[in-house]
Amino acid sequence: MNTFITENFLLKSKLAELLFRENAVKMPIIDYHSHLIPSQIAENKRFENLTQIWLYGDHYKWRAMRAAGINEKFITGSGSDRDKFRAWAKTVPQTLRNPLYHWTHLELLRYFGIKELLNENSADKIFDQTADMLQHGEFRVWDLLKKMNVETVCTTDDPIDSLEFHAQIRQNGCPIKVLPTWRPDKASAAGNAKNYNDYLNKLSEVSNIDINSFDKLFEALDLRLDHFEKNGCKLADFGLDYLYAEDFTKNEINDIFLKVRSGKELNSLELKKFQSACLYRFSLQIHKKGWVQQFHAGPVRNNNSRLLKELGPDTGFDSIGDFSQANQMSKFLDKLDSTNNLAKTILYNINPADNEVFATMIGNFQDGSTPGKMQWGSAWWFLDQKDGIEKQINCLSNHGLLSRFVGMLTDSRSFLSYPRHEYFRRILCNIFATDVLNGELPYDLELIGGVIKDICYFNAKNYFRF
């Protein structure tokens with residue numbers, strides 16, 4: 001059976017088709033938050049088959065396969081690439097109404113021109129066809145990015161990373177702008193004294209600073225920030241339960257730092273105070289650099305302790321958390337704003353119950369200095385699907401300025417994930433068209449089209465100064 005993804009996929013009217021065709025589809029992609037591997041971009045990697053490029057690091061697919069009863073051998077285990085692909089193909093028909101069903105067939109169509117539905121019967125044919133294309137056609141990493149009109153990619157990088165591959169990307173003449181993103185979570189992750197000290201020792205080595213005090217920690221981080229800036233970094237990113245805003249004194253934090261540096265474990269209040277102090281200092285650094293800071297808040301990670309031991313983190317055992325967000329977020333942002341140290345900020349929530357909290361919180365700290373200075377980020381992770389995207393767009397429209405929204409990102413480890421931007425753009429155009437046809441917006445194609453272009457491209461281009 002041929003694919004259901006036609007030219008009017010997700011577009012429910014001729015006007016929606018027109019808005020998409022004349023505005024959204026033409027815009028380049030700025031992927032300002034991804035987890036692509038810089039070394040693979042630097043070498044312009046050619047993947048051998050779809051399993052390698054599709055399944056090796058995709059915990060969305062892994063979760064679906066486990067739910068479908070697939071043995072771990074054919075997910076992250078020792079199974080061959082062909083057998084793993086067969087297992088995924090067997091799973092695909094069971095993903096009906098899950099975004100994976102849409103993404104899978106959209107990616108097969110856009111990258112490989114394959115219109116056949118993926119299932120157990122078509123698995124070997126599609127595996128062989130795409131493997132041949134990957135090996136013999138223009139399907140290296142740079143080609144895949146150019147095919148989707150990707151202009152800029154931001155990776156996610158730790159302060160101790162050398163960024164040598166970003167330098168190689170530039171030296172090798174990659175046609176895509178690839179920039180690092182500062183992700184210093186481990187520099188404040190003092191919940192395990194041994195692991196934390198191991199990390200600080202590595203940071204000490206790359207910065208050539210003896211990290212024997214809290215101030216020395218940030219002296220080392222300042223040096224690494226400068227290194228990131230020289231390599232084009234313009235963004236920081238933080239993964240959090242919530243925005244930490246415990247009260248603390250300088251003496252308290254010095255004592256807490258010395259305690260954990262000596263190998264002693266912190267109690268829960270000490271840890272929260274320390275994380276709060278670090279997050280505040282991180283944000284002061286970001287403001288001083290003139291960068292954008294992103295806060296991803298709310299997941300409960302590594303829920304399955306047995307499989308965490310076997311497979312490690314980031315293997316598909318995280319879920320939505322129900323942390324209280326509003327009070328600490330308000331306190332944290334206000335502390336920075338009160339001294340004029342609040343950088344351009346993007347807030348992301350993973351719990352849909354927090355949509356209105358985040359959408360209204362950004363309005364408290366817009367200060368007229370920059371259009372859309374405070375952003376509520378696109379539907380993230382478990383919310384990155386049709387229903388979640390629609391709810392995010394509608395909620396932002398109700399409580400803020402959708403016209404200033406910096407739009408979509410992939411948050412992905414896969415070079416085949418860029419049709420997600422098309423997915424978002426189709427949903428966006430359909431929403432606008434529906435409002436126009438319902439008489440809720442004017443039939444002004446120049447006005448509506450301009451806003452669509454801004455959300456798809458120009459807002460991000462200007463906001464991040466790419």
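Taking 4.0 Å as the cut-off between side-chain N and carboxylate O, K373 and D367 count as a salt-bridged pair. In summary, K73 and D83 do not engage in a salt bridge, as defined by a charged side-chain N under 4.0 Å from a carboxylate O. Using a cut-off of 4.0 Å between Lys/Arg side-chain N and Asp/Glu carboxylate O, E120 and R86 are scored as not salt-bridged.
Donor-acceptor pairing under 3.5 Å is lacking for the side chains of E116 and S122. A donor-acceptor pair shorter than 3.5 Å cannot be found between the side chains of Q392 and W380. There is no side-chain donor-acceptor pair under 3.5 Å between N349 and Q325. For the residue pair D318 and N303, no side-chain donor N or O sits within less than 3.5 Å of a side-chain acceptor on the partner. Under 3.5 Å, the side chains of H227 and S162 contain no donor-acceptor pair of N or O atoms. E17 and S13 are not linked by any side-chain donor-acceptor pair at a separation below 3.5 angstrom, with hydrogens and angles left out of the test. Side chain to side chain, H33 and D411 meet the donor-acceptor criterion of an N or O pair below 3.5 Å.
For E446, the CD atom counts as loosely surrounded, since its 6.0 Å shell holds 12 or fewer non-hydrogen atoms of other residues, nucleotides or ligands. Counting non-hydrogen atoms of other residues, nucleotides and ligands closer than 6.0 Å to CG of N327 gives a total of 12 or fewer. Under a cut-off of 6.0 angstrom, the local environment of NZ in K90 is sparse, with at most 12 non-hydrogen atoms contributed by other residues, nucleotides or ligands. Heavy-atom contacts from other residues, nucleotides or ligands closer than 6.0 Å to CG of D322 number 12 or fewer.
Aromatic rings from F317 and H59 are positioned such that their centres are separated by 6.0 Å or more. The aromatic ring centroids of F415 and Y111 lie 6.0 Å or more from each other. No close placement of the F332 and Y280 rings is indicated, their centers lying 6.0 Å or farther apart. Aromatic ring centres of W103 and Y60: separated by under 6.0 Å. For F112 and F139, the ring centers are positioned less than 6.0 Å apart.
Contact check for Y418 versus I29: side-chain heavy atoms found under the 4.5 Å cut-off. At a threshold of 4.5 Å between non-hydrogen side-chain atoms, the residues D226 and K289 count as touching. Within the 4.5 Å cutoff, no side-chain heavy atoms of F165 are placed close to those of E43. Contact annotation: the side chain of F323 approaches that of V300 to within less than 4.5 Å [non-hydrogen atoms, C-beta and beyond]. The closest side-chain heavy-atom distance from I37 to R413 is not below 4.5 Å. The shortest side-chain heavy-atom distance between Y443 and L15 falls under the 4.5 Å cut-off.
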Test ring pair (Phe, Tyr, Trp, His ring centres under 6.0 Å) on Y463 and F458; report intermediate values, then the result. CA-CA 8 Å; Y463 187 77; F458 289 110; over 10 Å; no

Test side chain to side chain donor-acceptor pair (under 3.5 Å) applied to Q328 and S324, step by step: CA-CA 8 Å; Q328 292 288 293; S324 177; over 6 Å; no

Step by step, would you call V150 with V153 a side-chain contact (heavy atoms from CB on, under 4.5 Å)? CA-CA 7 Å; V150 178; V153 170; 3.6 Å; yes

Could you check K115 against L109 for side-chain contact (heavy atoms from CB on, under 4.5 Å), going step by step and ending with a plain yes or no? CA-CA 6 Å; K115 297 181 179 180; L109 182 62; 3.7 Å; yes

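Heavy-atom minimum distance, D81 versus F127: O-CE1, 3.9 Å. Here the closest heavy-atom approach between residue S378 and residue G407 is recorded as CB-O, 3.7 Å. Contact detail for D161 and R224: the closest heavy-atom pair is O-NH2, 2.8 Å. Minimum heavy-atom separation, D454 to S403: CB-O, 4.3 Å. Minimum heavy-atom separation, R420 to T410: NH1-O, 3.5 Å. For the residue pair Q293 and L342, the shortest heavy atom distance occurs at NE2-CD1, 3.7 Å.
Put simply, the side chain of K186 never gets that close to the backbone of P159: no donor and acceptor are under 3.5 Å apart. Judged by distance alone, the side chain of T155 and the main-chain N or O of H35 form no donor-acceptor pair under 3.5 Å. Listed for the N23 side chain is a donor-acceptor partner under 3.5 Å among the backbone atoms of L19. Panel note: side chain R183, backbone D158; no donor-acceptor pair is recorded below 3.5 Å. The backbone N or O of D132 sits less than 3.5 Å from a side-chain atom of H136, completing a donor-acceptor pair. A donor-acceptor pair under 3.5 Å is absent between the side-chain atoms of E229 and the main chain of L225, judged by distance alone. Between the side chain of T315 and the backbone N or O of L311, no donor-acceptor pair lies under 3.5 Å. With D334 contributing its side chain and K331 its backbone, the two residues share no donor-acceptor pair below 3.5 Å. For W291 (side chain) and C233 (main-chain N/O), a donor-acceptor pair under 3.5 Å exists by modelled atom type. A donor-acceptor pair is defined here as one N or O able to donate and one able to accept, closer than 3.5 Å; no such pair exists between the side chain of N355 and the backbone of K391.
The structure places CD of E22 at 8.5 Å from NZ of K453, a figure rounded to the nearest 0.5 Å. With rounding to the nearest 0.5 Å, the separation of CG in N462 from CZ in R404 is 8.5 Å. For the atom pair CG (N394) and CG (L402), the distance works out to 9.0 Å, reported to the nearest 0.5 Å. Taken from OH in Y32 to SG in C154, the straight-line distance is 10.0 Å, to the nearest 0.5 Å. Here the CD atom belonging to Q129 is positioned 9.0 Å from the CG atom belonging to L108, to the nearest 0.5 angstrom.
Relative orientation of the F238 and F295 rings is parallel, given thresholds of 30° and 60° on the angle between their planes. Between H296 and Y348, the ring planes are parallel. Angles under 30° get that label, and only those over 60° would be called perpendicular.
Under the side chain to side chain donor-acceptor pair (under 3.5 Å) rule, Y457 has a single partner from K26, E151, H421, which is E151.
A cation-pi arrangement, defined by a distance under 6.0 Å to the six-membered ring centre and an angle within 45 degrees of its axis, is present between K61 and W88.
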